[in-house]
Amino acid sequence: DLNFSGEYQPKAHNYTKVLFGEDNVYRAGTIGTIAEKTAYGYVKGYASDHSLVLKGAEIDRLVQGCAGVKRTTGQHPGGIIVVPDDKEIFDFTPIQYPADDRTSEWRTTHFDFHSIEDNLLKLDILGHDDPTVIRMLQDLSGINPKTIPVDDPEVMKIFSGPEPLGVTPEQINNCHTGTLGVPEFGTRFVRQMLEDTKPTTFSELVIISGLSHGTDVWLGNAQELINEGICELPDVIGCRDDIMVYLMQKGLEASTAFKIMESVRKGRGLTDEWIEEMKKHGVPDWYIESCKKIKYMFPKAHAAAYVLMAVRIAYFKVHYPIYFYAAYFSVRANDFDLDTMIKGADAIRQRVIEIDQKGNDASPKEKNLLTVLEVALEMCERGFSFSKVDLYRSSATDFIVDGHSLIPPFNAVDGLGTNAALNIVKAREEGEFLSKEDLRERSKISKTVLEYLDQHGCLEGMPDQNQLSLF
């Protein structure tokens, strides 16, 4: 796996053509099938078109027959298949264009990757937000992220409490860590893990990253071992590599330790022979039982790379907060409630409580908004604020730092997409807007968006129509 900034991902993909040659790289094709819900719609539609009255069991039978049938073809978001020099793609698979679009710049494999994965190399060149955030922080502050220390004591403290940020848990919706908005450590699930384990070192953060990405590694496993006092955080199994290294230290043969690690990380458990060998070398029972429960484990190199990014971003949160919030809202946040955010901490807190009280009845949009509002609340409690969208200063897509406040971009306005935001900025470069009518005509925004900008206080003092003065 290779993680690039989402903005750079297409360039990284195209560079593989330079490295290996255009006829040696192909996008991994995917096969889109008919989902059960869609199949149900087809069956109901067919029945009504032909005036048929079908029994429930017959509907289910027809649905089962339609579900899973090929509907379209697409491409894997990051998978690039590499063909060796002495072979050609047709030795492995036919090729095609995604959804038969001949203008597409990539050709894809006709078979999906799982059918040919034993024969060809796949590079996963993925788009990721962390490098985008790091780049924006570098541009705002002039600090080279590679020079940021990974053992800054103040930064390490935010993983066990919000005090280094100058706020109390009560001020930030009873959040007992300072990691809101920090990648890998900002979700409620991981924040709960931080509260349970109180990590103080980089290596402990790597273990937590491994625990949070694994399946049946933390819940019902390591969490219980720590809570019952059977072992401490540094002793639990966090990443797959931990198993091999630990067993080798216990005296098991390297090849056996490797095989055990591979079996456990794939959720296949332990053989009786291995258990006997482990016991012979003094491996405790709790460790053996822990191995048996695991379904999937994260590699340590992956965890270390993610934590390194997270700690660098956390450094800005502690020492250059306004830049951190500008980057967070520009890159990571998608849903905003600008009217509430502008009013400050009390209004934001009220809205957070409202959404919280809905519990599972909150819509997916509200759940996404909740995360953004929690970060906005923390920012306001730290003495910063949001300004209104500014017709002449706002960017199309990025929050702009203005002293101790952030100026929101146009695309943070409800119902205003990125294309419309770019059109406003482009029209603005051609000169001042004479009226609301002029703004609408030149930037091609809808009447609804214009009304929202007006309600938001963005068009204060602007006449509705162009005035013609004869005197």
Side-chain angles (χ1 to χ4, degrees), residues 1-3 28 30-31 33 68 76-79 112-124 126 184-185 187-190 192-193 196-197 203-228 230-307:
D1 284 12
L2 299 166
N3 287 339
T30 56
I31 294 168
T33 57
H76 187 282
D112 78 328
F113 182 65
H114 294 293
S115 315
I116 49 175
E117 64 185 351
D118 293 335
N119 309 319
L120 284 169
L121 168 74
K122 174 162 78 97
L123 297 174
D124 262 342
L126 304 167
E184 291 295 293
F185 299 98
T187 64
R188 291 195 170 186
F189 173 60
V190 182
Q192 186 58 53
M193 288 173 73
D196 290 348
T197 55
S203 64
E204 288 176 354
L205 294 177
V206 171
I207 293 171
I208 286 172
S209 176
L211 290 170
S212 68
H213 284 277
T215 308
D216 293 348
V217 184
W218 172 250
L219 294 175
N221 199 336
Q223 184 182 30
E224 289 175 9
L225 294 171
I226 291 170
N227 289 346
E228 288 166 20
I230 294 168
C231 62
E232 299 281 312
L233 177 64
D235 308 321
V236 300
I237 307 169
C239 301
R240 58 177 78 158
D241 317 50
D242 294 342
I243 299 173
M244 184 177 76
V245 173
Y246 175 76
L247 295 178
M248 282 165 67
Q249 284 170 350
K250 282 285 186 188
L252 272 84
E253 197 184 301
S255 63
T256 310
F258 175 75
K259 282 176 193 157
I260 292 173
M261 169 185 79
E262 286 296 286
S263 177
V264 171
R265 81 171 176 88
K266 290 173 182 168
R268 293 180 187 152
L270 302 167
T271 65
D272 293 343
E273 197 184 314
W274 288 340
I275 293 172
E276 205 177 301
E277 188 69 14
M278 288 161 85
K279 284 185 172 172
K280 209 188 292 175
H281 286 86
V283 175
D285 288 343
W286 68 260
Y287 196 94
I288 294 169
E289 288 307 311
S290 186
C291 285
K292 286 181 187 172
K293 293 178 183 175
I294 290 164
K295 300 278 187 298
Y296 165 76
M297 293 206 83
F298 213 43
K300 198 164 200 168
H302 227 121
Y306 281 172
V307 173

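The first residue in the sequence is number 1, and the count goes up from there. Because only heavy atoms are used, hydrogens play no part in the values below, and waters and symmetry mates are left out as well, while side chains stay in.
A pairwise comparison of heavy atoms in Val264 and Cys291 identifies CG1-O, 3.6 Å as the closest pair. In terms of heavy atoms, Ser209 sits closest to Val307 at CB-CG2, 3.7 Å.
Listed by chain and number, the residues in a side-chain contact (heavy atoms from CB on, under 4.5 Å) with Thr33 are Ile31 (sequence neighbours excluded). For the ring pair (Phe, Tyr, Trp, His ring centres under 6.0 Å) test, residues two or more places apart in sequence or in another chain that qualify with His302 are Phe298, Tyr306. In terms of the salt bridge (Lys or Arg N to Asp or Glu O under 4.0 Å) criterion, residue partners of Glu289 (sequence neighbours excluded) are, by chain and number, Lys292. For the salt bridge (Lys or Arg N to Asp or Glu O under 4.0 Å) test, no residue two or more places apart in sequence or in another chain qualifies with Arg268. For His213, the side-chain hydrogen bond (donor to acceptor under 3.5 Å, both in side chains) criterion is met by Glu184, not counting sequence neighbours. A search for side-chain contact (heavy atoms from CB on, under 4.5 Å) contacts involving Val217 returns Leu211, Ile294, Met297, not counting sequence neighbours. For Asp196, the side-chain hydrogen bond (donor to acceptor under 3.5 Å, both in side chains) test picks out Gln192, Gln223, with sequence neighbours left out.
Between Asp124 and His76 the shortest side-chain heavy-atom distance falls below 4.5 Å. Using a 4.5 Å heavy-atom cutoff, the side chains of Ser290 and Val236 are not in contact. Taking the side chain as every heavy atom from C-beta outward, Phe189 and Leu219 approach each other to under 4.5 Å. Using a 4.5 Å heavy-atom threshold, the side chains of Leu126 and Asn3 count as touching.
By the neighbour-count criterion of 12 heavy atoms within 6.0 Å, atom CG of Asn227 is densely surrounded, having more than that number from other residues, nucleotides or ligands. Atom CD of Glu117 has more than 12 neighbouring heavy atoms from other residues, nucleotides or ligands inside a 6.0 Å radius.
For the pair Lys122 (side chain) and Ala28 (backbone), a donor-acceptor distance under 3.5 Å is absent.
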field: Check against side chain to side chain contact (heavy atoms under 4.5 Å, CB included), Ile207 and Thr197
entry: CA-CA 11 Å; Ile207 293 171; Thr197 55; over 6 Å; no
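Within the structure, side chain to side chain donor-acceptor pair (under 3.5 Å) pairs that include any residue of residues 235-252 comprise Asp242-Lys300 (at least two apart or interchain). Here side chain to side chain donor-acceptor pair (under 3.5 Å) pairs that include residues 252-264, with residues two or more places apart or in two chains, are Glu253-Ser255, Glu262-Arg265. Among pairs with a residue in residues 251-278, none fulfils ring pair (Phe, Tyr, Trp, His ring centres under 6.0 Å), at least two apart in sequence or across chains. Residue pairs satisfying the salt bridge (charged side-chain N to carboxylate O under 4.0 Å, His left out) criterion with at least one member in residues 208-225, sequence neighbours excluded, are listed as follows: Asp216-Lys295.
In this structure, CE in Met261 is found 12.5 Å from CD1 in Ile237, a value given to the nearest 0.5 Å. The CG atom of Leu233 sits 5.0 Å away from the CD1 atom of Ile226 when rounded to the nearest 0.5 Å.
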Using residues 277-288 as the side-chain source, report each donor-acceptor pair under 3.5 Å to any protein atom, sequence neighbours left out, with the distance given to one decimal.
from, atom 1, to, atom 2, distance (Å)
His281, ND1, Glu277, O, 2.9
His281, NE2, Gly251, O, 3.4

